[in-house]
Amino acid sequence: MTASSAAVAVVSGFLRVPSIQKSQNPSLLFSRPKKSLVRPISASSSELPENVRNFWKWLGDQGVVSGKSPVEPAVVPEGLGLVARRDIGRNEVVLEIPKRLWINPETVTASKIGPLCGGLKPWVSVALFLIREKYEEESSWRVYLDMLPQSTDSTVFWSEEELAELKGTQLLSTTLGVKEYVENEFLKLEQEILLPNKDLFSSRITLDDFIWAFGILKSRAFSRLRGQNLVLIPLADLINHNPAITTEDYAYEIKGAGLFSRDLLFSLKSPVYVKAGEQVYIQYDLNKSNAELALDYGFVESNPKRNSYTLTIEIPESDPFFGDKLDIAETNKMGETGYFDIVDGQTLPAGMLQFLRLVALGGSDAFLLESIFNNTIWGHLELPVSRSNEELICRVVRDACKSALSGFSTTIEEDEKLLEEGKLDPRLEMALKIRIGEKRVLQQIDQIFKDRELELDVLEYYQERRLKDLGLVGEQGDIIFWETK
């Protein structure tokens with residue numbers, strides 16, 4: 001089975017593994033690389049790379065930093081980061097960057113290519129701006145652009161050989177789907193903007209350039225800010241992630257520059273106390289899976305709660321009750337397709353069993369789809385409907401798990417042995433952890449439904465519950481008869 005075919009497995013017509021996980025909708029890809037205590041090389045040191053020293057000087061010339069600034073850029077195990085120049089208190093502001101130094105869609109609109117970008121997706125316009133400025137020797141953003149990496153460890157930048165280590169994973173299919181999406185956006189951009197306006201671009205822009213800009217935005221852009229869904233903040237984007245920080249509260253915000261100022265500031269705070277000389281960290285996102293962290297930033301965590309697998313369940317259009325089932329799903333804030341993220345060590349997500357039972361309804365159970373049950377059916381689906389319905393959903397899910405597991409070339413034990421040997425390339429280590437995590441969750445799902453199969457004979461189904469409600473079944477499950485006189 002190839003990587004692509006392993007990623008899309010249709011089982012019994014209604015359960016499949018998605019080619020792009022719902023949490024990675026390409027149009028909503030941007031959120032905020034990277035994570036020890038090795039002595040940092042700070043901005044005050046001559047050992048710091050020249051481009052970073054130039055960047056720090058530029059920020060000083062802009063009045064953004066000074067000798068009193070609580071943090072400065074430094075070489076750290078992750079690459080570059082922010083290090084405390086003095087002790088920093090919890091929730092203390094460590095830097096503030098004025099709006100004139102942000103790069104966002106408004107920056108693009110005010111630039112020379114602004115008139116061309118009005119109809120582009122925001123991220124595409126910012127990506128194009130970054131690339132154009134990168135090739136402009138006299139760009140006012142030169143010192144910032146010179147400091148940006150040429151790539152990250154995001155799976156978007158992996159070679160075919162490196163991606164082969166992800167065979168069988170949802171991360172592989174997601175990565176390939178995202179790369180295809182980015183390529184399609186580039187081809188459209190090339191035809192509509194680049195070729196007709198060559199005079200505005202000093203160098204030919206390639207797909208590799210576009211992927212670079214996409215990766216930069218994925219790993220460094222801030223989102224979920226007041227009025228700003230996609231913004232690069234120079235200096236603030238050096239802040240690294242630390243899994244030990246378990247709160248996202250108060251890490252950063254946009255605020256006014258003062259009572260009599262209309263300017264805006266991006267304010268970054270330290271969520272924890274930091275000693276002088278130590279690195280300042282934040283939590284990027286508590287809800288991202290390891291696959292999402294790998295795709296967005298190029299790292300994974302050891303926390304098993306970061307391991308997840310997305311089951312995609314859909315109502316087939318060929319189902320004779322398609323319309324009725326879709327109406328019920330939509331009434332309960334779902335749709336034709338349901339996406340359910342199962343997390344390592346946690347119970348099944350809310351609504352998953354109900355949706356499965358709905359999709360599997362048929363035969364003698366189809367009476368529940370009649371309009372008389374419209375207001376109550378979702379409640380009925382919280383519990384087993386019938387033995388045949390419950391048996392079907394168990395079989396479908398277990399078959400899907402077995403199909404997905406068959407797409408891997410190695411076992412968990414083999415992957416763990418490679419990890420234990422150590423001295424691995426960071427990307428191979430990441431691939432191993434992703435493989436292990438996804439396989440563990442698949443085995444967990446399979447075990448849940450295997451255990452459920454063993455209970456089929458003792459579960460209470462709808463008809464029994466209904467008879468009990470009518471007083472026609474005793475406590476032991478025996479049917480009560482009345483004798484007529």
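For the numbers below, each heavy atom of this structure counts, side chains included, while hydrogens, waters and symmetry mates do not.
With hydrogens and angles disregarded, a donor-acceptor distance shorter than 3.5 Å links the side chain of W102 to the backbone of I97. No donor-acceptor distance shorter than 3.5 angstrom exists from the side chain of E165 to the backbone of L432, with no hydrogens or angles considered. N290 places a side-chain N or O within donor-acceptor distance of the main-chain N or O of E301, the cut-off being under 3.5 Å. Judged by distance alone, with hydrogens and angles left aside, the side-chain atoms of Q283 form a donor-acceptor pair with the main-chain N or O of D285 at under 3.5 Å. Judged by distance alone, with hydrogens and angles left aside, the side-chain atoms of K288 form no donor-acceptor pair with the main-chain N or O of L293 at under 3.5 Å. Between the side chain of E253 and the main chain of K269, no donor-acceptor pair closer than 3.5 Å is present. Between the side chain of T331 and the main chain of D327, a donor-acceptor pair closer than 3.5 Å is present. Listed for the N332 side chain is no donor-acceptor partner under 3.5 Å among the backbone atoms of M334. Not one N or O on the side chain of R435 forms a donor-acceptor pair closer than 3.5 Å with the backbone of K167.
Between R306 and K433, every side-chain heavy-atom pair lies at or beyond the 4.5 Å cut-off. Inter-residue side-chain proximity for E292 and T174 is flagged as unmet; no heavy-atom pair is nearer than 4.5 Å. A heavy-atom distance below 4.5 Å is not found between the side chains of F157 and D153.
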| field | Derivation of the salt bridge (Lys or Arg N to Asp or Glu O under 4.0 Å) call for E185 and K188 | value | CA-CA 5 Å; E185 289 295 324; K188 190 161 53 174; 3.7 Å; yes
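Of all non-hydrogen atoms in E438 and T169, the two that sit nearest each other are OE1-CA, 3.2 Å.
Residues meeting the salt bridge (charged side-chain N to carboxylate O under 4.0 Å, His left out) test with E416, sequence neighbours left out: R440.
Side-chain atoms of N374 and S371 form no donor-acceptor pair, as typed in the model, at a separation below 3.5 Å. A donor-acceptor contact closer than 3.5 angstrom is absent between the side chains of S308 and D341.
Outside the 6.0 Å centre-distance limit, the rings of W212 and F186 are not counted as a close aromatic pair. Here Y181 and F214 keep their ring centres 6.0 angstrom or further from each other. Here F299 and H241 bring their ring centres to under 6.0 angstrom of each other.
Relative orientation of the F340 and F355 rings is tilted, given thresholds of 30° and 60° on the angle between their planes.
Judged as a side-chain hydrogen bond (donor to acceptor under 3.5 Å, both in side chains), the pairs with a partner in residues 347-366 (not counting sequence neighbours) are, in order, R357-E390, D365-S386.
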